[in-house]
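Each chain gets a letter, A, B and so on, in the order the sequences are listed, and its residues count up from 1.
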2 protein chains.
Amino acid sequence: MSKIDYIKTSEIFKALSNPIRLQMVDFLLDDECCVTDVVNELGISQSASSQHLSILKNSGIVYPEKHGTRTCYKVNNKLTEEIITLLKKINND
Amino acid sequence: MSKIDYIKTSEIFKALSNPIRLQMVDFLLDDECCVTDVVNELGISQSASSQHLSILKNSGIVYPEKHGTRTCYKVNNKLTEEIITLLKKINND
DNA sequence: TTATAATATTATGATATTCTAATATAAAAT
DNA sequence: ATTTTATATTAGAATATCATAATATTATAA
């Protein structure tokens with residue numbers, strides 16, 4: 001049982017505090033995908049998609065893998081993954 | 001395994017996306033306390049404390065119990081409690 | 001080598017957050 | 001009844017967020 005790093009942890013929550021980014025993470029966990037896939041799946045603009053992915057990247061939740069002209073973002077944060085699992089398990093009351 | 005309500009869930013994360021409020025929740029889970037205790041524990045102003053507690057209340061994370069002139073805030077959200085447990089279990093990487 | 005496709009960046013306006021300072025309310029004590 | 005204690009609310013300034021529109025970058029294709 002470790003102490004909570006409130007600053008570091010709150011930054012993760014800040015990244016997840018937007019419904020689009022939350023949906024992005026959920027989508028990226030299922031189907032690791034490039035930006036265009038995210039754009040199509042979520043129905044948002046390319047620019048907004050890129051900016052949201054950048055926020056997730058800067059908070060250490062996802063990382064990009066370049067494949068030619070495409071970029072594939074993958075979730076890379078244990079806390080985030082466990083939280084998504086938790087969200088699917090319990091009915092958020 | 002239920003679907004995630006991204007909007008509702010992101011509102012919880014927004015409430016937890018501030019280090020002070022995160023520490024508040026952690027503190028309230030251990031020692032259920034009145035506003036003055038929170039003020040003393042966290043070393044913030046009475047007004048800021050009250051406003052942060054109000055945000056936690058409005059997001060359904062805590063609820064107030066009036067005892068005379070004091071108000072005791074208690075954590076009342078399963079997701080939040082499980083997340084705090086998770087945070088203490090894993091080393092946020 | 002130019003055109004195209006995929007993604008990133010920047011600027012900007014609208015809105016939201018958060019702090020401090022000041023004031024208000026409500027219960028208990030004097 | 002007035003004062004004190006605990007808490008809440010409001011106003012305002014500084015800063016942050018977010019969407020859109022426009023432009024830049026970079027890798028491949030033609």
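The 5' end of DNA chain D is approached more closely, in terms of each residue's nearest nucleotide, by His52(A) than by the other of His52(A) and His67(A).
In this structure, CD of Glu65(A) is placed 14 Å from P of dT7(C), rounded to the nearest angstrom. The separation between Ile55(A) atom CD1 and dT9(C) atom C1' is 13 Å, rounded to whole Å. Here dT17(D) presents its C1' atom at 9 Å from NZ of Lys14(A), a figure rounded to the nearest Å.
The phosphate of dT18(C) has OP1 or OP2 within less than 4.0 Å of a side-chain N or O from Asn18(B).
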Side-chain donor-acceptor pairs of residues 55-66 of chain B under 3.5 Å, sequence neighbours excluded:
residue: Asn58(B); atom: ND2; partner: Ser54(B); partner atom: O; Å: 3.2
residue: Ser59(B); atom: OG; partner: Ile55(B); partner atom: O; Å: 3.2
residue: Ser59(B); atom: OG; partner: Leu56(B); partner atom: O; Å: 3.1
residue: Glu65(B); atom: OE1; partner: Lys74(B); partner atom: NZ; Å: 3.2

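Side chains of Tyr6(A) and Asn18(B): no donor on one and acceptor on the other come within 3.5 Å.
By the 4.5 Å heavy-atom criterion applied to side chains, Ile84(A) and Val25(A) are counted as neighbours.
At distances below 3.5 Å, not a single donor-acceptor pair connects side-chain atoms of Ser50(A) with backbone N or O atoms of Ser47(A). Between the side chain of Asp26(B) and the backbone N or O of Leu22(B), no donor-acceptor pair lies under 3.5 Å. Distance alone, capped at 3.5 Å, is enough to place a donor-acceptor pair between the Ser17(A) side chain and the Lys14(A) backbone. Formation of a donor-acceptor pair under 3.5 Å by the Arg21(B) side chain with backbone atoms of Ala15(B) is found in this model.
Residues of residues 20-28 of chain A having a heavy atom closer than 4.0 Å to DNA chain D, listed by number: Ile20(A), Arg21(A).
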(request) Let me have a per-nucleotide readout for nucleotides 7-12 of chain D, 5' to 3', with B, S or -, counting only protein heavy atoms under 4.0 Å. (result) BBBB--
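Rounded to the nearest 0.5 Å, atoms OG1 (Thr9(B)) and CG (Leu79(B)) are 7.0 Å apart.
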